[in-house]
Structures are given as structure tokens and as C-alpha cells.
Amino acid sequence: MPTISITTNIPKYKIPSTFLAETSKLISQTLQTPELYIGVRIKAGQQMCWFNDELPCALGNITGTGNFGVDENKHYASIIYDFLEKKIGIPQDRFYLSFVEQKPCNIGVKGTTLEEIIQ
């Protein structure tokens, strides 16, 4: 059930129409999770600054269950940062990504929790 959420000051019209689908595929491959379970959100055109200027920047988080760790996060960050710089022009030194580990009992799915589904 990994999800990735990105908030950026890049205008919406500069986000490629294929961005969500490409991001979903990337996260699926990177985390080795079926794409069926990947959620992607981008909030473009937000008022943001980084080091007191409004050049392109972003904040993001990726949430999942059992996918994260010290070495894994370094690997994931490398892939995601390269992708965002290439696809929407966010410089790697103007983006923070938080990795959020969730317990399956804290994730609602299909009217119950992920913990109930995976048992």
C-alpha cells in the first residue's frame, strides 16, 4: 500500500500528463510492490520557498509497510530524486523526502484495515 505525495511550487501546467502513471510504475518497481497497491499524489503550484527564494522546490513523503530501512531508503531516495529532477525539474538539493513506516493496523482498506486483509 505504498503511497507517495509530492507538494511543489512548479506550476500544474508544467507537470507532464504522464507524471502520475510514470511515478506509480517507478514506485512499484522500486519497492517491488504490485502497482495495484500504489497511490500517487502531486500538489503543484503551491506557494513555497527554499532558502528564501521561490525557485523550483518540493517536499514529499512516501508511506508504506515493511519496506523501509537505512540502506533501502538510500537506494529509494537515489531513484526518486533522479526521477523528479528528470521529469519535472526539481533540483536534488531543493527536495526533502520523508519515509514513513506504517503499521498495517493503522491503514484503512476496503472498509477494514490492512492488517485484517493480510492475515
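Hydrogens, waters and symmetry mates play no part in the numbers below; they use all other heavy atoms, side chains included.
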_Would you compute the distance between atom CD of Gln92 and atom CG of Leu97 and round it to the nearest 0.5 angstrom?_
11.5 Å
*Nearest 0.5 Å please: distance from the CD1 atom of Ile118 over to the OG1 atom of Thr113.*
8.5 Å
_Could you walk me through whether Ile6 and Ile4 satisfy the side chain to side chain contact (heavy atoms under 4.5 Å, CB included) test, starting with their C-alpha distance in whole Å, then the side-chain angles of each, then the deciding distance to 0.1 Å, before giving a yes or no?_
CA-CA 7 Å; Ile6 300 161; Ile4 185 165; 4.2 Å; yes
_OH (Tyr37) with more than 12 external heavy atoms under 6.0 Å_ = no
*asked:* How about CD on Gln32, more than 12 heavy atoms from neighbouring residues, nucleotides or ligands closer than 6.0 Å, or not?
replied: no
Checking the side chain of [X] only, and the main-chain atoms of [Y] only, is there a donor and an acceptor separated by less than 3.5 Å?
X: Thr33; Y: Leu31; value: yes
X: Tyr76; Y: Asn67; value: yes
X: Thr65; Y: Lys103; value: no
X: Ser28; Y: Ser24; value: no
X: Asn61; Y: Phe99; value: no
X: Glu101; Y: Gly66; value: yes
X: Arg94; Y: Pro56; value: yes

*Could you state whether Leu20 and Phe83 fall into the same hydrophobic cluster, counting links through intermediate Ile, Leu, Val, Met, Phe, Trp or Tyr residues with side-chain heavy atoms under 4.5 angstrom apart?*
yes
*Do you see a donor-acceptor pair shorter than 3.5 Å between the side chains of Asn106 and Glu115?*
no
*asked:* Would you say that Thr3 contacts Ile38 through its side chain, given a criterion of any heavy-atom pair below 4.5 Å between the two side chains?
replied: no
*Side-chain contact, heavy-atom cut-off 4.5 Å: Ile88 with Pro16?*
yes
